[in-house]
**Q** 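The structure under discussion is supplied below as structure tokens; questions concerning it will follow.
Residue numbering restarts at 1 for every chain, and letters A, B, ... go by the order of the sequence lines.
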2 protein chains.
Amino acid sequence: MITASNAAKQDFLPVLRELVRAYQAFASFDANGYQGTGLTVPQADVLFTLGNTAGLSFKEIGESTLITKGTLTGVIDRLEDKSLVKRRVSNEDRRVTKVVLTKKGMRLFEEVFPRQISYIKKRFDLLSKAELAAIKKSLHRLHTIFS
Amino acid sequence: MITASNAAKQDFLPVLRELVRAYQAFASFDANGYQGTGLTVPQADVLFTLGNTAGLSFKEIGESTLITKGTLTGVIDRLEDKSLVKRRVSNEDRRVTKVVLTKKGMRLFEEVFPRQISYIKKRFDLLSKAELAAIKKSLHRLHTIFS
DNA sequence: TATTGTTATACTCTATAACTATA
DNA sequence: TATAGTTATAGAGTATAACAATA
């Protein structure tokens with residue numbers, strides 16, 4: 001009889017459940033952090049992507065946030081309605097629209113971003129360095145098997 | 001100077017990114033598996049929850065899938081429109097509606113569930129037993145810090 | 001009074017594909 | 001022809017709160 005060196009028959013199902021639960025727990029914790037900002041998660045995602053840049057094209061934002069271009073138009077529209085970003089047609093290539101934070105958007109970014117990071121950091125601080133390293137390695141490995 | 005035994009200052013940010021990317025990679029892979037079934041992910045989630053049960057109440061389905069009751073009504077409506085489930089008012093407590101798979105729903109469950117599991121298993125089979133165990137432990141630890 | 005599920009409201013995001021302007 | 005972004009289409013899920021039926 002050959003001993004399997006790979007993962008045994010059905011052992012992955014509990015791991016799958018843990019993946020989903022762990023992510024849901026994080027996502028829900030993260031979303032709670034945006035309470036009172038008026039931002040949805042995708043909107044915050046875009047705001048954080050634009051922070052500390054001189055503006056990015058739709059293409060660049062889409063690549064970073066994994067929001068597809070059709071959806072991104074709507075997300076940017078809603079951020080523009082709140083005067084948090086503005087569109088600027090690029091001079092080099094007039095097909096390209098750069099999205100830039102307004103003063104108001106920059107102020108919101110500077111308020112919400114560090115707060116959200118420290119809010120999340122508090123939970124990661126519960127981990128030892130070794131645990132954090134092990135988790136990073138595990139997540140990276142998971143990422144590779146699904147790519 | 002006191003040496004920090006917990007996670008160092010900003011080291012958690014890359015881990016956070018890995019968590020999001022790993023989950024997104026899995027979610028997108030998983031969603032691809034439902035191609036051709038006519039099911040959305042939440043619908044498949046409900047179908048899989050109902051499989052091998054004699055029917056569950058909205059409350060039970062909501063607890064298992066983390067779909068809130070208002071949303072669940074719509075999801076069940078769409079599954080009912082496709083004749084995959086039916087509603088049955090409980091005799092014990094007439095406030096309770098049990099959701100039960102129809103014959104058609106059961107056939108779909110029996111076709112899609114094992115296929116989806118084996119589709120995902122192929123990826124987990126790329127892991128050694130030790131890797132799988134480490135990943136499970138990491139995910140569980142992540143889950144606990146966000147709960 | 002409390003609980004179960006429904007309904008209504010109002011958004012927000014999703015994928016997909018056709019379309020416009022520009023390169 | 002190819003690319004960047006917009007628009008149209010058609011869902012689908014979200015939170016929230018008021019509601020009806022039942023306990």
**Q** Just jot down the side chain to side chain contact (heavy atoms under 4.5 Å, CB included) partners of B:Asp30, sequence neighbours excluded, or say none.
**A** B:Phe26, B:Tyr34, B:Gln116, B:Ile120

**Q** From B:Asp45 CG over to B:Ile61 CD1, what is the distance, rounded to the nearest 0.5 angstrom?
**A** 10.5 Å

**Q** Nearest 0.5 angstrom please: B:Ser64 OG to B:Leu56 CG, how far?
**A** 7.5 Å

**Q** Tell me whether B:Lys137 at atom NZ has more than 12 heavy atoms from other residues, nucleotides or ligands lying less than 6.0 Å away.
**A** no

**Q** In whole angstrom, what separates B:Lys59's NZ from D:dA23's C1'?
**A** 13 Å

**Q** Under the rule for salt bridge (Lys or Arg N to Asp or Glu O under 4.0 Å), what residues qualify as partners of B:Arg141, not counting sequence neighbours?
**A** A:Glu131

**Q** Between atom CG of B:Leu126 and atom CG of B:Leu132, what is the distance when rounded to the nearest 0.5 Å?
**A** 11.5 Å

**Q** Give, for atom NZ of B:Lys86 and atom NZ of B:Lys103, the distance between the pair rounded to the nearest 0.5 Å.
**A** 7.5 Å

**Q** Contacts to DNA chain C from residues 18-27 of chain B, heavy-atom cutoff under 4.0 Å, which residues?
**A** none

**Q** Whole angstrom is fine here: how far is it from CD1 in A:Ile76 over to C1' in D:dT6?
**A** 13 Å

**Q** In whole angstrom, give the distance that lies between atom CG of A:Leu39 and atom P of C:dT12.
**A** 11 Å

**Q** Could you state the CG-P distance from A:Leu79 to C:dT12, rounded to the nearest angstrom?
**A** 10 Å

**Q** Taking only residues two or more places apart in sequence, or in another chain, which ones meet A:Glu60 in a salt bridge (Lys or Arg N to Asp or Glu O under 4.0 Å)?
**A** none

**Q** Check each residue of residues 84-95 of chain A for a non-hydrogen atom within less than 4.0 Å of any atom in DNA chain C, then write out the ones that pass by number, or none.
**A** A:Asp93, A:Arg94, A:Arg95

**Q** Contact between A:Leu142 and B:Phe124 at the side-chain level, heavy atoms closer than 4.5 Å - yes or no?
**A** yes

**Q** Mark up nucleotides 7-14 of chain D, 5' to 3', with B wherever a protein heavy atom is under 4.0 angstrom from a base atom, S wherever such an atom reaches only the sugar-phosphate, and - elsewhere.
**A** B----SSB

**Q** Whole angstroms only, please: what is the CZ-P distance between A:Phe58 and C:dA21?
**A** 17 Å

**Q** Examine distances only and state if a side-chain atom of B:Ser138 and a backbone atom of B:Ala134 form a donor-acceptor pair shorter than 3.5 Å.
**A** yes

**Q** A quick test of your reading: do over 12 heavy atoms of other residues, nucleotides or ligands sit less than 6.0 Å from CZ of A:Arg87?
**A** yes

